[in-house]
Chemist: 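Structure incoming, see below.
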Amino acid sequence: MNDSDNNSATAPGAAEPSGFIRQMISRDLASGKHGGRVHTRFPPEPNGYLHIGHAKSICLNFTLAEEYGGHCNLRFDDTNPLKESQEFVDSIKDNIRWLGFRWRGEVRYSSSYFGHLYEFARQLIGKGKAYVCALSPEQAREYRGTLTEPGMDSPWRGREPEESLELFARMRAGEFRDGELSLRAKIDMSSPNINMRDPILYRIRHADHHQTESQWCIYPTYDYTHCISDAIENITHSLCTLEFEDHRPLYDWILHNLDLDSLRAASDLSDSEYTYVLPEQTEFAKLRISYTMMGKRFLRAIVEEGRVDGWDDPRMPTLAGMRRRGYTPASIRNFCEAVGVARSESLVDIGMLEHAIREDLDRNAPRAMCVLRPLKVVLSNFDAERVERLQLPRHPKREELGGREVPLTREICIEQEDFSEDPPAGFKRLVAGGEVRLRGAYVIRCDEVVRNAGGGIVELRCSVDFDTLGKRPEGRKVKGVIHWVSAAEGKRVKVRLYDRLFLSENPAPKSVEEVFDGVNPDSLVELDGCMLEPCALEDGSGDHFQFERTGYFFRDRQAHSGAAAVFNRTISLRDTRKPART
RNA sequence: UGGGGUGUCGCCAAGUGGUAAGGCACAAGGUUUUGAUCCUUGCAUUCGUUGGUUCGAAUCCAGCCACCCCAGCCA
């Protein structure tokens, strides 16, 4: 997809691209606005783990660059040392690579532009566009006014540039305490847009930074930093979510009040021929999915309260969690593509996500049989010493994936729910005196139900019709097919079944306490004595499987070595049985 | 009572004045040694609402309604 000539988005004569962002880019390309360049960026703050919502932005930025033959940077927007850490930097990089995206050149950090940012601030002060203010944070809030009332000018608003310049230098030198002074843009305290009421550009924070360590004690704010960082990196299209819409005028104000040549000189392309063009911000709706939530505060509460196994618990909407659950990069990318990008806020049905992973795994996951809740079956006419090694395909439709050997012995396990003494209407599995097909093997008939003293079913005695391997039985129809595993040859494994983490379709807790009430108490079921066919544990057999009739599973590599293998159920198979699911 | 946005099928989402794409979900058939997959078919006379302009409106205009965002020295 790197060849722009080969691409639908830019191919001559191609249909108009769909979606407002692609249309905008095509328009910009057609008008030559950015010299024919497309350069995007994904700009996370390293203050937490990435979740599926971030994936939407990642996919958007990287695929747009790819489609238009442009580039996409990874830039850590690290202007607040109090909340950030190297751990998050590392995990974010790891997640992006896992999704299959490669950023342009080296990883960027806003913090590596602190020098430029400082000089640009001096420039604004020199032009009378910024001033050092001595209002305390509390006072600043009072002066700001309200949504319906204009603010009041700071008493320091008229400070001479020379004086502000000197104070700003002393702020940097560490002569003031946190919060004592700030640098503010001089815009309009009565603007109906609160972001324009002399926003803070720099604040004092005597704190070490994960990248710049103790070099700075003043840190630029997001609004001041983001636009300039985009300009330095020659970003053409700066995409962000809807809540930043009101910040766009400030984004533009800062850039337009700086000397264009000085911006150009600081930029990556300073030595090139192209006409310097300022980046432009465009907003889109963030991703929301039913039965889950992206709010970091609430997710953290669930993790810290031990309601889940950690940030990578397979029930979590984090990329780390989804990865451990068995979601594939392709499924997440396809999902993001299917969801689309628009400006209306929507709640995507989690069924779309489930469809994306089923679609990928149905095509690519090898099949295996695993009995989750075993019921012993003795095949009375099968020799006790005999091991019949059946050859089954790994995938029903893809011969190239090869075959597997499945051992059949006198004693096997079947699923408890595949036998019923009191079958509901339409039951297609085994009943007393009835017949069923063992998947990939023979048809068996249930001759006897063996019980314990309490009347519970202990085992089934069945007889094999040896004339049914690979062919239909004579003179009758056997509809049901069930999975099974040799009791002697099978491997005991542990399985974790997951359900949605939240009970409500649109969980919107108002407090941390409310979050816990909304957590699904049955979101995890652990099963211990499951029986898995042996070849699924052989080296090189892969980590993703479809356990036939029960769902798609992913080997959990965090399980202790030596202990039984653990498989997480990524997603169940679609179930279209007439009544509801059992 | 300020400003900025958004409203098209149950859920996403195309559509930019010429008579409502697609996906998910759902439903009905067919195939099937997975109640899976696959295949076929069906699924908005109508675009928040009320008016207006026009030969023609989801698209243009006006009013109304609903919902979302903004008063961190967070991003």
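Below, chains carry the letters A, B, ... as their sequence lines are ordered, and counting in each starts from 1.
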Chemist: Given B:U32, is OP1 or OP2 found less than 4.0 Å from the side-chain N or O atoms of A:Arg439?
Modeler: no
Chemist: Roughly how far apart, to the nearest Å, are B:G72 and B:U49 at atom C1'?
Modeler: 39 Å
Chemist: What is the nucleic acid contact for A:Leu135, judged by heavy atoms within less than 4.0 Å: base, sugar-phosphate only, or nothing?
Modeler: base
Chemist: Hey, could you give me the NE2/OG distance between A:His226 and A:Ser238, rounded to the nearest 0.5 Å?
Modeler: 4.0 Å
Chemist: Taking atom C1' in both B:C12 and B:A44, compute the distance separating them and give it to the nearest angstrom.
Modeler: 15 Å
Chemist: What form does the base of B:G42 take, syn (within 90° of 0) or anti?
Modeler: anti
Chemist: Could you give the distance separating B:G48 and B:C9 at their C1' atoms, to the nearest angstrom?
Modeler: 15 Å
Chemist: Heavy atoms under 4.0 Å, any strand shown: does A:Thr146 hit a base, just sugar-phosphate, or nothing?
Modeler: base
Chemist: Which nucleotide in the list B:A25, B:A71, B:C12 gets nearest to the side chain of A:Ile194?
Modeler: B:A71
Chemist: Report the distance from atom CZ of A:Phe76 to atom P of B:A75, rounded to the nearest whole Å.
Modeler: 16 Å
Chemist: Suppose we call a contact any N or O donor and acceptor under 3.5 Å apart; does that hold for the side chain of A:Asp246 and the base of B:G3?
Modeler: yes
Chemist: Would you say a side-chain N or O of A:His483 is under 4.0 Å from OP1 or OP2 of B:U34?
Modeler: no
Chemist: Given the structure, check if the side chain of A:Arg549 and the base of B:U34 hold any donor-acceptor pair shorter than 3.5 Å.
Modeler: no
Chemist: How close or far is atom C1' of B:C70 from atom CD of A:Glu245, stated in whole angstroms?
Modeler: 11 Å
Chemist: Take atom P in B:A58 and the same atom in B:U31, then report the distance between them in whole Å.
Modeler: 43 Å
Chemist: In this structure, which one of A:Phe554, A:Phe553, A:Phe547 forms a ring-ring contact (aromatic ring centres under 6.0 Å, His included) with A:Phe567?
Modeler: A:Phe547
Chemist: Does any non-hydrogen side-chain atom of A:Phe284 lie less than 4.5 Å from one of A:Leu60?
Modeler: yes
Chemist: What is the distance, rounded to the nearest whole Å, between atom CE of A:Met352 and atom P of B:A25?
Modeler: 9 Å
Chemist: Checking all strands, does A:Gln23 fall into the base, sugar-phosphate, or nothing category for heavy-atom contacts under 4.0 angstrom?
Modeler: base
Chemist: Can you find a donor-acceptor N/O pair under 3.5 angstrom joining the side chain of A:Arg367 to the base of B:U34?
Modeler: yes
Chemist: Got a second to check how far A:Tyr219's OH is from A:Asp78's CG, nearest 0.5 Å?
Modeler: 9.5 Å
Chemist: Using modelled atom types only, decide if a donor and an acceptor are shared between the side chain of A:Trp484 and the backbone of A:Arg439 within a distance under 3.5 Å.
Modeler: yes
Chemist: Measure the distance from CG on A:Leu242 to C1' on B:C67 and round it to the nearest whole Å.
Modeler: 13 Å
Chemist: Would the base of B:G72 count as contacting A:Arg141 through its side chain, where contact means a donor and an acceptor less than 3.5 Å apart?
Modeler: no
